Amino acid sequence: MSDNIIPFSIPDITNDDKKAVLKSLESRWLTGGPKAKEFEQLFANFIETKYAISVNSCTAALHLSLKALNIKPGDEVIVPVLTFAATANAALFCGAKPVFVDVDAKTFNISTGDFEKKITKKTKAVIPVHYAGQACDMKEILEIAKDHNLHIVEDCAHSAGSTYQGKQTGTFGVGCFSFYPTKNMTTFEGGMITTNDEVIARKCALARSHCMTKDAFDREKLSWYYDVIDLGYNYRLNDVQAAIGISQLKRLNNMNEDKRKNSQYLTSKLKDISGIITPFEANNRYHPYHLYVIRVIKSDFGIDRNELYQRLSEKGIGLSVHYTPLHLLSFYKKTLGYERGDFPVAEELYEQILSLPMYPQLKKEQMDFIVQQIGASYNKSNEK
Ligand SMILES: Cc1ncc(COP(=O)(O)O)c(C=O)c1O
């Protein structure tokens, strides 16, 4: 709701961001110029991978990564069921089957136990999603993937700047980032692929732009000449987007740190309210809190998530739910044949989870108001 007193999300746009955009508009390169390359180099340096390939969304990043790994019809790709549609769709774009896996009740990340159970001879890849920004258990995932010869494509849509045992997410497999306005940093729409594998990097860069190549000999003679060597797409990030990306990347760590501080403040205030479970932080991770997700336990709190959602919305607090488990959405039910009951942890969480506002500019008074309204809902329920 746009007229919320406390919006669910606000992009962090500074004067430097605006200047960067204006400057790139005044250059003659709106797309295909030097800014996208500069952004790629800076992002690769930040994540500490050899390569970074800019694209126009994380959805495109996921698609190109699976395609570069040669995922094809008949293959299976493991996907956690508590994620956004794009994670599963990337497999479908390649003609492969997304195989859903339940999540861990504490971190909401992929359950490594269920992951291992769902592996078949057809399984070629796994897409761990670093839910809310908190890294998955990459040690276990790497071990399972190695034992079964599986590729790892990390869905880092929530996790720019997040680390696991000191290493950035997006370095454990092929990393796919999102720069959508609600994310840890933004290029309006946009995404990035990170990898240390030169072949994967080259394939993604080619397919991002129609798989067009210029043969050196022909180019010397005829500058207009190009060849198309495979099926490709227009998934390019333009130079104006790259310009704001460069500016935002400079502040990524600071923005994440501000969200961490806000999250710690919210947790300190919410943790003693009976029936509210605050986010769990696993060891050895830096959690940038793209999302701040609480659980509402009706038996202790008195009202359920839906009623709390209603009450807080009426007070002008922007809220969301991440996510409806994919198997409950009609397209996946119809195409993949899953049923209610197939993923008990995700289904139980789905009834309880509520994403509260979380961004660097969130003020203490706003967080106090949110806490006060949650507390008031609890009291009311007890008065009944
Ligand atoms: C987990 C996850 N994966 C993928 C995406 C797709 O990102 P994009 O909008 O950049 O395509 C999103 C977007 O919200 C997401 O939350």
Side-chain angles (χ1 to χ4, degrees), residues 8-9 11 36 39 43 52-67 77-94 98 100-101 103-104 107-110 125-136 141 152-162 169-170 173-194 204 207-208 233-238 241-242 244-245 248-249 252 259 287-293 318 320-327 329 331-332 346 349-350 353 355 358-359:
F8 176 65
S9 174
F39 183 35
F43 201 81
I53 301 97
S54 61
V55 285
N56 54 18
S57 69
C58 181
T59 307
L62 290 163
H63 181 195
L64 292 189
S65 301
L66 290 181
K67 196 175 148 69
V77 177
I78 302 273
V79 170
V81 75
L82 198 68
T83 184
F84 185 60
T87 320
N89 290 352
L92 291 167
F93 296 157
C94 296
F100 295 153
V101 163
V103 292
D104 177 83
T107 61
F108 311 171
N109 276 330
I110 187 166
V126 57
I127 313 184
V129 177
H130 305 299
Y131 180 97
Q134 176 157 248
C136 296
I141 291 170
I152 299 175
V153 173
E154 297 172 68
D155 185 330
C156 303
H158 301 179
S159 72
S162 162
T169 59
V174 183
C176 297
F177 293 84
S178 173
F179 307 132
Y180 185 76
T182 57
K183 299 301 196 291
N184 296 348
M185 58 173 277
T186 188
T187 61
F188 323 132
E189 297 274 2
M192 193 73 83
I193 300 164
T194 53
C204 289
R208 161 185 67 182
Y233 310 87
N234 177 355
Y235 282 168
R236 295 182 299 263
L237 188 85
N238 67 48
Q241 293 172 299
I244 194 172
Q248 288 258 317
L249 182 60
L252 176 60
K259 284 182 287 153
H287 182 353
Y289 282 96
H290 160 55
L291 300 172
Y292 186 91
V293 182
S320 192
V321 171
H322 296 86
Y323 295 90
T324 305
L326 293 181
H327 73 295
L329 299 173
F331 172 65
Y332 304 101
L349 289 176
Y350 174 53
I353 51 181
S355 305
M358 181 45 60
Y359 33 91

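For ligands, and for the atoms within them, numbers begin at 1 and follow the listed sequence. This structure is a prediction, so every number in the text was calculated from the model and none was measured.
Annotation: side chain of Thr59 is not in contact with side chain of Tyr180 (no heavy-atom distance under 4.5 Å).
Using modelled atom types, one finds a donor on one side chain and an acceptor on the other under 3.5 Å when comparing Asn89 with Tyr332.
Taken to the nearest 0.5 Å, the OG atom of Ser159 stands 11.0 Å off from the NZ atom of Lys183. Atoms NZ and CG, from Lys259 and Leu291 in turn, are 8.5 Å apart once rounded to the nearest 0.5 Å. The CG atom of Leu326 sits 10.5 Å away from atom CZ of Phe331, with the distance rounded to the nearest 0.5 Å.
Applying the side-chain contact (heavy atoms from CB on, under 4.5 Å) test between His290 and each of His158, Gln134, His322 identifies His158 as the sole match.
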Could you tell me, for ligand 1, which of its N or O atoms are under 3.5 Å from any protein N or O, listing the pairs and their distances rounded to 0.1 Å?
| from | atom 1 | to | atom 2 | distance (Å) |
| --- | --- | --- | --- | --- |
| ligand 1 | 3 (N) | Asp155 | OD1 | 3.2 |
| ligand 1 | 3 (N) | Asp155 | OD2 | 2.7 |
| ligand 1 | 10 (O) | Cys58 | N | 2.9 |
| ligand 1 | 10 (O) | Ser178 | OG | 2.8 |
| ligand 1 | 11 (O) | Cys58 | N | 3.3 |
| ligand 1 | 11 (O) | Thr59 | N | 2.9 |
| ligand 1 | 11 (O) | Thr59 | OG1 | 2.5 |
| ligand 1 | 14 (O) | Lys183 | NZ | 2.7 |
| ligand 1 | 16 (O) | His158 | NE2 | 2.9 |
| ligand 1 | 16 (O) | Tyr323 | OH | 2.8 |

